[in-house]
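Values in this document were obtained by computation on a predicted structure and should not be read as measured data. Quick note: numbers below take in every heavy atom, side chains included, and nothing from hydrogens, waters or symmetry partners.
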Amino acid sequence: MPPPQTTGIYPSDSITEVAQSLPLDPLGAGSADLLAGDVEYRLHLIIQEAKKFMVNGKRGTLMPEDVEYAMDALNVEPILIPPRPLPLPQFQALTIPSSSSHPQQIYHLPDDEIDFATYLKQPLPAGVANSSGVKWKAHWLAVEGVQPAIKENPNPTQRGASRPQPSSTSLRPQARTQLPQELQLYFTRLTTALVPPSPTGPETEPERHRLAALTSLRTDVAVAGILVYVVKWLGESIQKCLMAPTGTIGQLVDAVEALVGNEGVFLEPYVHILLPPLMSIILTVPLGPHPSSSSSNQPSPYDLRLHASQVLGKVAEKYGRSYPGLVPRLISTLSKSLNSPPFPSPLGASNPPSGRYEGSLLALSCLGKQAVKSTVWGKAGENISRIDDLAGRLYTDGGGKKRNPLIRALIKCLSVIINPKPVDITPQANLDDVSEAFGPNLANMLNKKLWTASEILRLRREELEGEGEGGGVDGMEVDQA
Amino acid sequence: MADSSAPVAGPSNPGPFTSTSVSRTDANLLHQFVMDYLQSHGFDKALALFEQGIKDQSGDKTNGEEGKEAIFRAPGPLPLESNVKRNIPQAQAMSASTLSNNITPEFEAQAKYIIEQLQAKVQASNADKEQDGTDDQNKELKDQPTNQESLLDPSDRVEGYKSFRRWVDGGLDLWKPELDNLSFPLFVHTFLELINFGFLKTAREFFERHSTRHRPFHPQDISALSSISTKEHVKANPFCQRMISDRYVIPLSRNANDLLIQWLSGAGLDEDWEAGLHSAAGRAKEAIKGIVFSDISISVTSNSIPLDKITIATRSGLIASALPSAMPIDAFNTATNLKLGPPPMTDKLKEQVVRTLQDEEPSQQQQPQPNGAASPSKQPSPSQIPNGHPNGTANGADANGDVEMTSPTGEQSGQDNPETSNTPASITVNVSELKIEPELEMNKDPDLVSPEENETLPPIPAVFRIPDLKREVEAIRDKRKMIRLGPQQNGDVKVGNSSNTVLPSVVAFTLFDHGESASSVEFSKDSSLMAVGSSESCIRLWSLKGEKLKKKSIDPSDGSLTEDEGQPFRKLIGHSGPVYSLSFDPLYGSSSPPSTLLSSSQDGTVRLWSTDTYSNLVVYRGHGKDPVWDVEWGPMGVYFATASRDRTARLWSSDRVTPLRMYTGHLSDVNCVRFHPNSLYLATGSNDSSCRLWDVQRGACVRLFMGHTDAVTTMAISPDGKLLASAGLDSSIWLWDLGSSRPIKRMDGHKSTIQSLSFSADSAVLVSGGLDSTVRCWDVKSSGGEKAQVNEPTLRTGTGGVGTDEVQGSLPMGPGRGNWEDEPHTTDLLATWPTKRTPILKTHYTPRNLCMVAGSFVPPSNASKGVQ
């Protein structure tokens with residue numbers, strides 16, 4: 001068989017198939033190719049003609065009508081296309097057995113007969129049925145050349161709609177041209193490696209690159225040259241990624257952590273840029289994609305908040321001394337959010353908006369004993385019962401059995417203020433007392449952590465007895481920090 | 001060069017030609033030629049196969065001996081160069097030696113082609129021999145070039161095109177645009193020749209490889225070529241036929257032409273080593289040479305200055321078939337002088353207009369004294385007042401009128417200030433002059449010749465009617481209240497904004513729930529009505545003033561005029577296809593709502609509707625079944641023009657159902673028609689990417705504007721009658737000077753098809769709207785050109801659209817901020833106003849320079865389909 005003479009788009013196989021479906025003698029050799037070429041030529045003619053109808057119809061899309069009119073104009077018997085309310089036809093694939101080794105697919109259009117009576121009785125499509133007909137509205141597109149900022153006009157961000165919108169996971173920044181070539185390259189490589197485009201396993205090449213980049217960020221003094229850009233990039237990326245897969249957020253937090261850990265750079269002027277994104281991670285509800293991805297290698301929002309809280313704690317520890325207002329402001333922000341009333345969850349009742357409280361608790365736990373004492377503990381643990389109550393309300397579905405993250409965060413908080421557990425003591429505590437003093441949810445969760453239970457009971461007791469000793473010690477600790 | 005002499009060596013060999021009976025030796029001769037050819041091109045296996053074939057044949061041949069003889073003779077002593085050539089691997093994968101393992105159709109075609117060519121050649125040389133055997137040596141020398149050229153194999157042609165491109169790309173930047181322009185016809189001809197000789201696969205490969213380069217500049221032609229796959233298609237395709245029968249005109253400056261000749265004749269510096277590297281180089285060049293000399297006509301300019309891109313674009317192409325007579329496009333375009341002046345106005349009407357205006361403005365009463373003093377100095381402009389009416393000897397009231405109306409004509413060449421200072425005028429006079437000025441702006445240019453009264457369409461009636469008066473009065477009022485747009489360098493009306501650019505205010509009318517089915521929108525001149533033609537064949541009429549549309553009817557009982565209570569909008573039903581164009585009658589100008597509406601449709605009809613009774617009055621059929629793409633009233637009513645798919649534009653009178661004139665000449669659909677404001681000329685834009693200007697009365701084409709790379713979809717003629725703007729699928733706007741027929745500039749910036757263009761009433765600013773959902777505003781007067789650097793930052797940031805990048809760009813980086821460059825556009829783009837999701841179908845300027853645009857909102861669900 002000779003090779004095809006034309007390498008057009010229209011496959012000669014189609015010709016063969018059609019010929020077989022018709023009561024014809026088998027096609028001669030090569031005639032299918034010739035016919036395919038001819039069919040393609042005719043199709044071009046029709047499309048070229050149809051394009052004119054599209055252009056003069058002042059559209060950018062070729063519609064079935066255009067083809068119909070074009071065939072009419074070319075004196076070809078038109079294919080009657082039902083008017084638009086009908087659903088657009090979908091091509092369906094059929095696999096047919098073939099003589100050759102691989103099965104072939106052909107595509108066909110189900111061409112059902114339309115009964116005129118039923119067609120007319122069909123309900124109108126939504127857009128047409130609800131509309132009261134064509135309307136128009138006038139607005140100022142420009143007043144003396146300036147486009148007014150009214151809702152009818154696109155706002156400035158929409159104006160750039162023609163260029164591709166950044167997808168949440170592709171964070172490919174551009175260093176400014178003021179940077180020397182090498183630093184630009186460094187910046188690009190660094191940012192590329194820090195956030196791999198796809199989720200990575202522990203032993204993959206991108207992951208190794210990421211770890212290398214983190215190390216570089218943690219140890220290289222050269223980061224100082226691009227510090228301002230890295231900080232801004234991190235800040236913007238985190239803001240953009242709050243709904244992104246949690247893995248990406250985690251990577252960004254890693255990067256922040258590494259940057260904070262770098263001793264060779266002078267980060268102080270940029271702390272105020274880094275803090276808001278961290279706080280966002282800690283307090284945002286919902287964090288991460290919704291519905292949350294079930295893949296196991298993605299950290300849970302709880303882990304993320306914890307991680308971010310730890311980084312926040314590091315920042316507070318490192319710069320709290322030189323900025324005396326820093327830690328109190330953080331504490332006041334966190335306690336405000338902790339004490340705020342629960343709001344309706346944006347994701348529906350099944351996903352309680354407890355993340356904010358968890359985050360606040362976790363962050364407070366990382367900010368030191370004093371912070372926890374003053375906000376979470378309150379006076380003789382009275383705040384605890386409030387949180388316990390909150391946990392009960394937010395997790396209505398038997399929060400006792402399920403691991404209640406809010407209580408988990410609370411316990412983590414409490415572990416900051418209690419004394420460390422001695423190795424050799426088997427703690428004894430009456431959970432009923434706990435339940436009575438602080439609430440049933442906490443007591444449920446503490447049944448494995450009796451030491452904590454006994455300690456908080458002790459603290460409460462001591463405080464109720466009027467001994468403010470612990471407070472003094474805590475105050476000293478904070479001073480040391 | 002040297003190698004291609006090998007096949008020619010055949011005829012010079014005295015062997016076959018010594019025989020007296022030519023017909024008998026034909027076959028042998030042929031075989032020998034073929035083998036010679038194969039040998040010299042290194043097609044060993046092909047040669048062997050061919051020999052085998054001849055041997056087989058010779059069995060049933062009567063003169064088998066001679067066949068054998070030929071075989072033995074042919075291999076003979078090989079010339080040294082052939083040996084060398086054989087050892088060089090062929091650059092082309094298409095070399096026949098690789099294909100000859102199994103004989104493919106490609107190879108068959110090639111062999112057939114060679115045999116045909118050789119046959120023709122032998123016959124030709126035999127004919128020569130018979131003609132005069134005396135100086136056959138000379139004859140052969142003369143034949144040599146043509147014979148060589150016909151003995152090329154496909155790889156040579158492809159290689160020829162490639163080497164030409166290499167040469168252009170490696171050459172001087174100075175001449176690159178000109179020589180680059182030449183590569184398109186070379187490409188097409190190479191492709192067509194390959195197809196014609198049956199090298200379909202090579203042709204297809206060649207096309208796929210090289211067509212991308214030409215697609216941006218010749219989208220239609222390339223798409224036409226992409227469908228060609230056999231010789232029959234070439235014969236059926238009009239574009240290919242034009243390519244073959246016409247000579248493609250390429251403008252070259254003298255130096256570029258010299259360079260080309262040098263390169264073709266092989267005298268260039270690169271020749272020596274190139275010939276050493278590619279043995280096929282000579283043959284490749286022959287291929288190019290053949291095309292250049294036989295199918296392309298090069299028009300060489302007299303000087304050696306490199307041509308600019310606009311010149312190249314406007315002067316190249318298949319011009320010969322586009323023009324009625326074989327003459328260069330420049331000569332054609334300058335053969336006729338146009339009368340582009342504003343239409344004349346009868347004196348009585350003028351007088352009445354002035355009187356009306358003065359009655360209305362008692363506070364602005366002008367004293368006759370200053371006018372009387374001024375009028376004599378303003379009289380000597382007889383060209384403006386045809387037929388030499390006795391203006392000067394008119395009575396007092398008439399003198400007033402003359403001052404009002406004709407003073408502008410006297411002030412043409414900027415004598416305004418000296419003149420007013422000459423006249424012993426008071427302050428009030430100055431004020432009045434300034435007030436009148438805008439209205440006079442129109443006839444400022446002394447070069448424009450106004451038509452005679454009886455030349456216009458329809459001829460100016462001796463007696464004016466009340467609507468005429470109203471219209472003219474309103475026109476002058478509009479002129480007075482008109483906002484002056486554009487850069488105001490010498491506007492000096494107001495001191496403050498001398499260097500500012502005044503941009504128009506734009507009202508956007510957005511149609512909702514119309515899908516994409518609105519196919520035309522039109523505003524009436526008095527801005528009271530909006531008509532929307534839909535692709536479901538109906539026309540909707542709205543009042544823009546919020547009034548109800550009342551239907552008038554005559555009570556049959558007593559003959560009195562009655563009105564119904566009115567409806568918020570009216571639907572006109574009558575067409576049976578999409579309504580592509582609408583036009584309101586201009587009779588009342590901006591003084592009162594129009595009384596009729598014209599519509600054109602896919603069903604091949606034009607319909608006249610009454611906006612008093614909302615009914616169809618007349619159906620005009622004349623384009624047969626072909627859809628009518630555009631319709632427009634003449635500037636004075638009564639006549640209208642249509643454009644259709646049948647490649648004609650036609651002129652109609654509204655009182656006859658058959659067309660009066662046909663304007664034929666376009667090579668494809670006529671997409672749009674526009675009347676010149678003085679009704680003497682008609683501009684048409686076509687799918688063949690050209691615009692033409694026609695003399696309405698004579699029906700002759702007087703101007704041809706070429707330069708667009710794709711279909712022209714819309715045009716506008718400036719109200720001052722001097723400029724034509726055209727735009728289309730190639731997203732660029734061209735501005736032409738009608739008088740000199742020169743392209744002024746190209747304006748780039750739109751990203752999709754442009755659907756509508758409008759000049760402001762003072763012809764200073766052009767507004768365009770397109771499918772990219774933006775309205776853009778262009779400076780007509782500035783020189784334009786490619787954007788060199790950001791040189792007008794204040795303007796940019798002030799005008800929104802373009803400046804937003806800078807505003808957002810304050811952040812140094814971030815995802816998605818990759819594009820720091822402004823979108824490319826030419827410098828004369830004054831402003832860009834994007835809409836949310838509304839592709840703009842229509843732009844319109846009111847006489848007072850408020851801009852109105854309209855489009856149909858595309859809901860986001862159709863976003864991917866609707867908005868590009």
Contacting moiety of [X], where chain A heavy atoms sit under 4.5 Å:
X         : value
Ala236(B) : both
Asn687(B) : side chain
Pro504(B) : backbone
Asp630(B) : neither
Asp603(B) : neither
Thr713(B) : side chain
Val853(B) : side chain
Met852(B) : neither

Taking the side chain from [X] and the backbone from [Y], do they hold a donor-acceptor pair closer than 3.5 Å?
X         : Y         : result
Gln147(A) : Pro834(B) : yes
Lys836(B) : Lys151(A) : yes
Lys58(A)  : Ser519(B) : yes
Trp833(B) : Gly145(A) : yes

[atom2] on [Y] to [atom1] on [X], rounded to 0.5 Å:
X         : Y        : atom1 : atom2 : value
Leu841(B) : Arg59(A) : CG    : CZ    : 10.5 Å
Ser229(B) : Leu34(A) : OG    : CG    : 8.5 Å
Thr230(B) : Tyr41(A) : OG1   : OH    : 8.5 Å

ask   = Under a 4.5 Å heavy-atom cutoff, which of Glu152(A), Lys51(A), Lys52(A) has the most pairs with chain B?
value =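 Highest number of pairs under 4.5 Å: Lys52(A).
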Interface residue of largest heavy-atom contact number with chain A, from [options], under 4.5 Å:
options                                    : value
Gln755(B), Lys625(B), Arg540(B), Met530(B) : Gln755(B)
Leu544(B), Ile483(B), Leu850(B)            : Leu544(B)
Ser226(B), Gly728(B), Ser520(B), Ala711(B) : Ser226(B)

message = Do Asn56(A) and Gln602(B) have side chains that approach each other closer than 4.5 Å (heavy atoms only, starting at C-beta)?
response =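 Heavy-atom side-chain distance check fails, nothing below 4.5 Å.
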request  = Flag the pair Val134(A) / Phe512(B) as yes when at least one side-chain heavy-atom distance between them is below 4.5 Å, and no otherwise.
outcome  =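 Val134(A) vs Phe512(B): side chains apart.
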inquiry  = If I compare all heavy atoms of Ser535(B) with all of Tyr69(A), which pair ends up nearest, and what's the gap?
reply    = O-OH, 4.4 Å
ask   = Which heavy atom of His233(B) sits nearest a heavy atom of Gly37(A), and at what distance?
value = CE1-O, 3.5 Å
task = From the options Val775(B), Thr774(B), Thr510(B), Val507(B), select the one residue that forms a side-chain contact (heavy atoms from CB on, under 4.5 Å) with Leu141(A).
result = Val775(B)
query = Ring centroid separation for Trp629(B) and Phe53(A), is it under 6.0 angstrom?
reply = yes
